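A quick note: this is a predicted structure, and the numbers were derived from the prediction, not measured. The basis for the numbers below is simple: all heavy atoms, side chains too, and nothing from hydrogens, waters or symmetry mates.
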Amino acid sequence: MFKSNSSLFHKSKNGEVRIHHNEQDAQNLVSKALFAQLPSTLSSRPIVFVCIGTDRSTGDSLGPLIGTLLKDKKPHPFHVYGTLDDPIHALNLADRIEEIQLTHINPFIIGIDACLGRMKSVGIIQIANGPVKPGTGVNKELPEVGNIHITGIVNVSGFMEYFVLQNTRLHLVMEMAKTIANGIYQTSLHYHRKPTFVDLQQILNKEQEKTP
């Protein structure tokens with residue numbers, strides 16, 4: 001189990017943690033910051049990551065890249081929605097959130113999305129209380145997502161945001177996605193929530209689906 005050490009983080013007055021993706025031990029810092037925000041392992045709330053974005057825009061692909069990397073790692077006991085193959089984006093966001101709420105009882109949701117910011121903040125990973133607000137950077141009205149959120153600042157805001165997102169370097173987005181996904185997976189190794197009846201039933205259903 002982790003012990004939070006706030007001196008490791010760049011913490012703002014509102015409790016937001018800011019970590020540069022390529023600073024030393026970044027994925028460990030992400031993991032510790034995330035663990036500190038999650039419900040107690042004694043909680044019965046399922047932990048659900050909602051990775052928002054689309055592979056049709058380089059800058060906006062951070063979320064589904066993280067989701068894909070996490071799916072490959074199988075971060076039990078966490079649940080992951082939103083991948084390159086099955087993205088969660090502006091057109092299906094409301095329906096997918098409704099689906100998640102119907103699938104899981106009182107889920108604790110972590111919203112993940114790319115965002116734009118100041119030049120000196122590009123490459124920063126932010127972890128904070130409250131929902132992520134997708135579409136804000138490009139003036140879209142979309143549902144807010146999450147009890148807490150993780151965002152990655154992938155490029156500069158303020159001018160022609162669609163164009164900026166389309167022309168964001170894939171290398172930066174991929175490196176940020178790896179750092180965040182590795183941090184989440186590391187957290188999963190230490191987050192041993194007691195399984196509920198619903199968890200056990202879902203595991204049983206998956207095993208039955210595998211049986212020919």
Side-chain angles (χ1 to χ4, degrees), residues 16-17 19 21 26-27 30-31 33-35 37-38 45-104 107-117 123-138 140 142-155 165-166 168-189 191:
E16 178 185 82
V17 173
I19 302 160
H21 79 282
Q27 70 182 44
V30 169
S31 182
L34 175 60
F35 193 92
Q37 297 272 18
L38 294 180
R45 300 184 72 179
I47 307 299
V48 176
F49 289 84
V50 179
C51 305
I52 303 163
T54 173
D55 61 351
R56 294 178 181 272
S57 168
T58 307
D60 204 25
S61 66
L62 179 69
L65 275 171
I66 293 169
T68 298
L69 291 170
L70 285 175
K71 283 283 190 178
D72 290 341
K73 292 176 180 292
K74 298 179 173 60
H76 181 78
F78 299 158
H79 306 273
V80 180
Y81 292 84
T83 63
L84 293 172
D85 180 57
D86 185 20
I88 296 177
H89 46 67
L91 297 180
N92 67 3
L93 179 60
D95 289 340
R96 296 304 301 275
I97 293 301
E98 182 179 359
E99 171 195 333
I100 289 166
Q101 295 287 358
L102 291 172
T103 302
H104 304 281
F108 185 89
I109 295 176
I110 299 93
I112 300 179
D113 199 6
C115 67
L116 302 174
I124 293 287
I125 296 162
Q126 305 171 125
I127 302 172
N129 285 316
V132 68
K133 300 175 182 178
T136 302
V138 289
K140 284 186 177 180
L142 296 173
E144 298 182 351
V145 179
N147 301 90
I148 65 173
H149 66 268
I150 301 174
T151 54
I153 302 175
V154 298
N155 215 325
L165 283 171
Q166 291 282 355
T168 297
R169 287 196 66 205
L170 179 59
H171 175 73
L172 171 64
V173 176
M174 192 68 204
E175 290 303 303
M176 293 183 75
K178 288 178 182 177
T179 297
I180 295 170
N182 288 337
I184 293 170
Y185 178 68
Q186 187 172 322
T187 304
S188 76
L189 300 178
Y191 193 83

So among His79, Gln101, Arg45, which one has a side chain to side chain contact (heavy atoms under 4.5 Å, CB included) with Pro107? Gln101
Could you measure the distance from the CG atom of Leu93 to the CG atom of Asp113? Nearest 0.5 Å is fine. 9.0 Å
Does Thr68 use its side chain to pair, donor to acceptor, with the backbone of Pro64 at less than 3.5 Å? yes
When you compare the side chain of Ile184 with that of Ile150, does any pair of heavy atoms fall below 4.5 Å? yes
When every non-hydrogen atom of His149 is compared with those of Pro131, the smallest separation belongs to ND1-O, 3.5 Å
Measure the shortest side-chain to side-chain distance between Ile47 and Ile110 over non-hydrogen atoms and say whether it is less than 4.5 angstrom. yes
Do Glu98 and Leu102 have side chains that get closer than 4.5 Å, going by heavy atoms? yes
Does Pro143 reach the side chain of Ile97, with side-chain heavy atoms less than 4.5 Å apart? no
State the NE2-OH distance between His76 and Tyr185, to the nearest 0.5 angstrom. 11.5 Å
List for me each residue that meets side-chain hydrogen bond (donor to acceptor under 3.5 Å, both in side chains) alongside Lys73, sequence neighbours excluded, and say none if there are none. Asn182
Stepwise side chain to side chain contact (heavy atoms under 4.5 Å, CB included) test for Asn155 and Leu165: CA-CA 7 Å; Asn155 215 325; Leu165 283 171; 5.8 Å; no
Check whether any side-chain heavy atom of Tyr191 lies under 4.5 Å from a side-chain heavy atom of Leu34, and answer yes or no. no
Smallest heavy-atom separation, Ala114 atom then Gly59 atom, equals CB-O, 3.3 Å
What residues form a side-chain hydrogen bond (donor to acceptor under 3.5 Å, both in side chains) with Asp60, not counting sequence neighbours? none
Is the backbone N or O of His21 less than 3.5 Å from a side-chain atom of Thr179, with the two atoms forming a donor-acceptor pair by type? yes
Does any N or O in the side chain of Asp55 come within less than 3.5 Å of the main-chain N or O of Asp85, such that one atom is a donor and the other an acceptor? no
Please work out which of the three classes, parallel, tilted or perpendicular, describes the rings of Phe49 and Phe78, given edges at 30° and 60°. tilted
Do side-chain atoms of Thr83 reach the backbone of Gly67 as a donor and acceptor pair under 3.5 angstrom? no
On a heavy-atom basis, the closest approach of Cys51 and Val80 is SG-CG1, 4.3 Å
Minimal heavy-atom distance between Leu65 and Ala177, with the atoms involved, is CB-CB, 3.9 Å
Sorted by chain and number, sequence neighbours left out, side-chain hydrogen bond (donor to acceptor under 3.5 Å, both in side chains) with Gln126 holds for Arg18, Thr151
Going through the checks in order, is the side chain to side chain contact (heavy atoms under 4.5 Å, CB included) test met by Met174 and His171? CA-CA 5 Å; Met174 192 68 204; His171 175 73; 5.9 Å; no
Please identify which of these residues, Leu62, Ile124, Leu172, meets the side chain to side chain contact (heavy atoms under 4.5 Å, CB included) condition with Ile153. Ile124
Side-chain contact test, heavy atoms from C-beta onward, threshold under 4.5 Å: evaluate it for Phe108 versus Ile148 and give yes or no. yes
Is there a side-chain contact between Arg96 and Asp86 in this structure, where contact means two heavy atoms from C-beta onward sitting under 4.5 Å apart? yes
Nearest 0.5 angstrom please: Ile125 CD1 to Met176 CE, how far? 5.0 Å
Of the non-hydrogen atoms in Ser61 and Val173, which two are nearest, and what is the gap between them? OG-CG1, 3.7 Å
State, to 0.1 Å, how close Val30 and Ile19 come at their nearest heavy-atom pair, and which atoms those are. N-CD1, 3.6 Å
